[in-house]
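The structure appears below as structure tokens.
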Amino acid sequence: MTEQDINEMARALKEILDKLDKAIVEAGKDANNVKMADVTKILQSNLVKMNKRYDGNGYDVILAKLDKRIADITEKVRTDKKLDVEEAKKLAEIRKEIQKGKEPFQKTRDVIKSLEAKGYSKEELRNRKEAQKIDKTAQMKANQKMTEDLAFGMADIEAKYINPINQNKESCKIITEMAKKRVLIDTLDPQMDKDRIKELKDEIKSNISQLSARGLDVTSLNGFESNLNLIDNFANTQVPIIEQNSRNIAINMATDKTIPSDLRNQFNLGSVRDVKSLEEKYNNMSQTRMSYATKAVTLKNEIDQIDNIIKEMKRDDYLKSVAYKSDGTLKSNDEIADEVFSNPKMVDEIEDRLTEKYGDGLFRSFRSRKNYYKEQEGKGIFASIKATWKALFNSSNKVALLASRTEAAKYGKEGADKAVKAIETRKASFQKTLKQGVQTRVAKNPSLSEDKIKDGLIDKAYEQASEHIEIEEDNERG
């Protein structure tokens, strides 16, 4: 909730509770002036609507306010001897209505406590990610196999049916082009367009050669140059024959027993009756294969992301262990430095940091040694003199050892604190998701059972927690 939302909620809550307070006061003075219907509306309608408006974020405030009014009424009935029977009865009725009105808010608090009692477990989060990885890996392999199996089946269908039909289509296209050129020749003037007519006849010769190479009998076209009707006769005869041949090819596929039965059943290949239905089935196969392949790639990316998350969680645990003991207490600087120096990548990082800070990670120069001691001694003329004296009379090796261990302890602590913060952020995200989930569900439907309110929230909370893992470059630290 934003600050503005909180302020608006506070104003709305104050207005509603002021009305309730007025009813309570009236009951303590004149029970006849109190309309219980108004009290019920205030509690069972207005408060719930307000809580719903803010996705349940007002439940704890509302519950505290209502509990306070129940306590006030109880105290007044117990101690105010001036109350008559009707006034005490009316106050008791109001208290009963408040008890009833606070049920959804009480339910929210109870369910949240019940869920939070299970607690966040980084081991559980890691186990869930490991289980997700296993499941997605199995899905990915299944999709890869389905892609391969379908590609294999399609290759056979393509070779035996699709390619021959496409070859027939191409032959019909060539014949149609010949027929168009023959019509064009008829429209040209034999004298004025002689060159163009010769060019068209040469193109027809080329088309005839193409058809012959495709296995068609083109002997009936011999002498077409002087008798263009031969082209018409050829087209009118051959195109229907070729098209019928394609239909026969398609129909044969419907009864082809060499096609795997699972492929036949999946795409209902037995229903193929013509070229169009065959091509529709084949296009469906292509789209299905693409969806399998795409799903496999998507799953691979998700698996890589899960791997990174698991790696980061292990890395955070390691970084924390560099500076903190298993009981959560901080190790000594020497212990932290020893942990850092046991990791070669961390050693490289320490050397880089020393060089960046002092200009010479090995402290071979007087200036670098003085810079180190100035940092240790602090500010002031006497600190500067002391730093100069130490820089003069301490060897490079000694300064390098002192500086590297100091820097290592600092570096180890920084990494550990960052890791602890990351772990706590995931835990906080887990708890926040649980709380908001319960609040929102109860606010939208106060009559939901506890099981329905809880349904899936733990899973959602762990998933949200994993989204708060920043994947960083491994400079390692772990």
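Just so you know, residue 1 is the first one in the sequence shown, and it goes up from there.
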Interatomic distance, CD@Glu97 vs CD1@Ile70, rounded to 0.5 Å, equals 11.5 Å

Is Lys421 close to Asp417 at the side-chain level, that is, under 4.5 Å between some pair of heavy atoms? no

Between Ile98 and Leu66, the two heavy atoms sitting closest are CG2-O, 3.8 Å

**Prompt:** Taking side chain as C-beta onward, heavy atoms only, is Val442 less than 4.5 Å from Val111?
**Reply:** no

Asn343 side chain reached by Tyr318 side chain, heavy atoms, under 4.5 Å:
yes

Which of Lys122, Lys427, Arg426 passes salt bridge (Lys or Arg N to Asp or Glu O under 4.0 Å) with Asp316? Answer is Arg426

Under 3.5 Å, which donor-acceptor pairs do the side chains of residues 147-155 form with other protein atoms, sequence neighbours left out?
residue, atom, partner, partner atom, Å
Thr147, OG1, Asn143, O, 2.7
Thr147, OG1, Ala293, N, 3.4
Asp149, OD2, Lys145, NZ, 2.7

Smallest heavy-atom separation, Arg126 atom then Ile310 atom, equals CG-CG2, 4.4 Å

| query | Does the side chain of Thr298 come within less than 4.5 Å of Glu302's, by heavy atoms? | reply | yes

Exercise. Any chance you could lay out the side chain to side chain contact (heavy atoms under 4.5 Å, CB included) test for Thr433 and Leu457, step after step, and finish with the verdict?
Key: CA-CA 8 Å; Thr433 302; Leu457 280 183; 5.7 Å; no

Side chain Asp135, main chain Ala131, donor-acceptor under 3.5 Å: no

Q.
Using a 3.5 Å distance criterion without hydrogens, assess whether the side chain of Asn284 forms a donor-acceptor pair with backbone atoms of Glu280.
A. no

> Would you say the side chain of Asp317 lies within less than 4.5 Å of the side chain of Ile423, judging by non-hydrogen atoms?
Replying inline: yes

Measure the shortest side-chain to side-chain distance between Met313 and Ser466 over non-hydrogen atoms and say whether it is less than 4.5 angstrom. no

Salt bridge (Lys or Arg N to Asp or Glu O under 4.0 Å) filter on Lys68, not counting sequence neighbours, yields Asp72

With side chain to side chain contact (heavy atoms under 4.5 Å, CB included) as the criterion, how do Leu17 and Arg69 come out once you've worked through the C-alpha distance, each side chain's angles and the decisive distance to 0.1 Å? CA-CA 9 Å; Leu17 295 180; Arg69 277 148 185 81; 3.8 Å; yes

**Check: Thr288 main-chain N/O paired with Ser291 side-chain donor or acceptor under 3.5 Å** = yes

The reported gap from NZ in Lys276 to OG in Ser246 (rounded to nearest 0.5 angstrom) is 16.0 Å

Contacts satisfying ring pair (Phe, Tyr, Trp, His ring centres under 6.0 Å) that involve residues 254-279 (not counting sequence neighbours) are none

When rounded to the nearest 0.5 Å, the distance separating CD of Glu123 from CD of Glu130 is 12.5 Å

Heavy-atom closest pair (Leu319 atom, Gly415 atom, distance to 0.1 Å) is CB-O, 3.8 Å

Interatomic distance, NZ@Lys133 vs CD1@Ile306, rounded to 0.5 Å, equals 8.5 Å

Item to complete: Please examine the side chains of Leu63 and Thr108, heavy atoms only from C-beta on, and report whether any two atoms are closer than 4.5 Å.
Response: no

In short, salt bridge (Lys or Arg N to Asp or Glu O under 4.0 Å) pairs touching residues 327-342 with sequence neighbours left out are Lys331-Glu339, Asp334-Arg405, Asp338-Arg405

Any non-hydrogen side-chain atom of Gln439 less than 4.5 Å from a side-chain atom of Ile112? yes

Strictly distance-based, threshold 3.5 Å: is any side-chain N or O of Thr294 a donor or acceptor partner for the main-chain N or O of Met290?
yes

Ile458 vs Phe430, test: side chain to side chain contact (heavy atoms under 4.5 Å, CB included). Steps then yes/no. CA-CA 8 Å; Ile458 290 287; Phe430 174 86; 4.1 Å; yes

Donor-acceptor pair, side chain of Tyr462 and main chain of Lys129, under 3.5 angstrom
no

By salt bridge (Lys or Arg N to Asp or Glu O under 4.0 Å), Asp256 pairs with (sequence neighbours left out) Lys160

Charged N-O contact under 4.0 Å between Glu312 and Arg315: yes

Next on the checklist: Quick check against the 3.5 Å criterion: does Asn265 have a side-chain atom that pairs as donor or acceptor with the backbone of Ser261?
Outcome noted: yes

Practice problem: Look only at the side chain of Arg109 and the backbone of Phe105, and say whether a donor-acceptor pair between them is shorter than 3.5 Å. | Solution: no

Exercise for review: Give the C-alpha distance, both sets of side-chain angles, the deciding distance and a yes or no for side-chain hydrogen bond (donor to acceptor under 3.5 Å, both in side chains) between Gln305 and Gln132.
Suggested key: CA-CA 11 Å; Gln305 181 69 10; Gln132 282 183 357; over 6 Å; no

**OP:** Answer yes or no: does atom NZ of Lys281 have more than 12 heavy-atom neighbours from other residues, nucleotides or ligands under 6.0 Å?
**Re:** yes

Here the gap from Tyr324 atom OH to Lys413 atom NZ, rounded to the nearest 0.5 Å, amounts to 3.5 Å

- Query: Can you list the steps and then say if Glu87 with Lys90 is a side chain to side chain contact (heavy atoms under 4.5 Å, CB included)?
  - Reply: CA-CA 5 Å; Glu87 290 168 343; Lys90 189 66 70 172; 5.7 Å; no

Heavy-atom nearest pair, Ser114 first then Glu450, reads OG-OE2, 4.0 Å

### Enclosure of Lys300 NZ (heavy-atom neighbours >12, cutoff 6.0 Å)
no

Closest non-hydrogen contact found for Leu269 with Ile157 is CD1-CD1, 4.1 Å

Subject >> Residues Arg128, Glu124; criterion salt bridge (Lys or Arg N to Asp or Glu O under 4.0 Å); working and verdict >> reply: CA-CA 6 Å; Arg128 284 171 176 266; Glu124 174 69 9; 3.0 Å; yes

> Could you go step by step and tell me if Asp352 and Thr355 meet the side-chain hydrogen bond (donor to acceptor under 3.5 Å, both in side chains) rule?
Replying inline: CA-CA 5 Å; Asp352 290 342; Thr355 300; 5.6 Å; no

Between Arg264 (side chain only) and Ala254 (backbone N and O only), is there a donor and an acceptor less than 3.5 Å apart? yes

dist Arg441:CZ -> Ile453:CD1 (nearest 0.5 Å) comes out at 8.5 Å

### Message
Assess whether a salt bridge exists between Lys96 and Glu93, defined as any Lys/Arg side-chain N lying under 4.0 Å from an Asp/Glu carboxylate O.
### Response
no

- Query: Is there a donor-acceptor pair closer than 3.5 Å between any side-chain N or O of Thr440 and the backbone N or O of Gly437?
  - Reply: no

Please confirm whether the backbone N or O of Pro446 pairs with a side-chain atom of Lys107, one donor and one acceptor, at under 3.5 Å?
-> yes

Heavy atoms of Ala465 and Leu125 approach each other most closely as CB-CD2, 4.3 Å

For Arg353, the salt bridge (Lys or Arg N to Asp or Glu O under 4.0 Å) test, sequence neighbours excluded, returns Glu407, Glu414

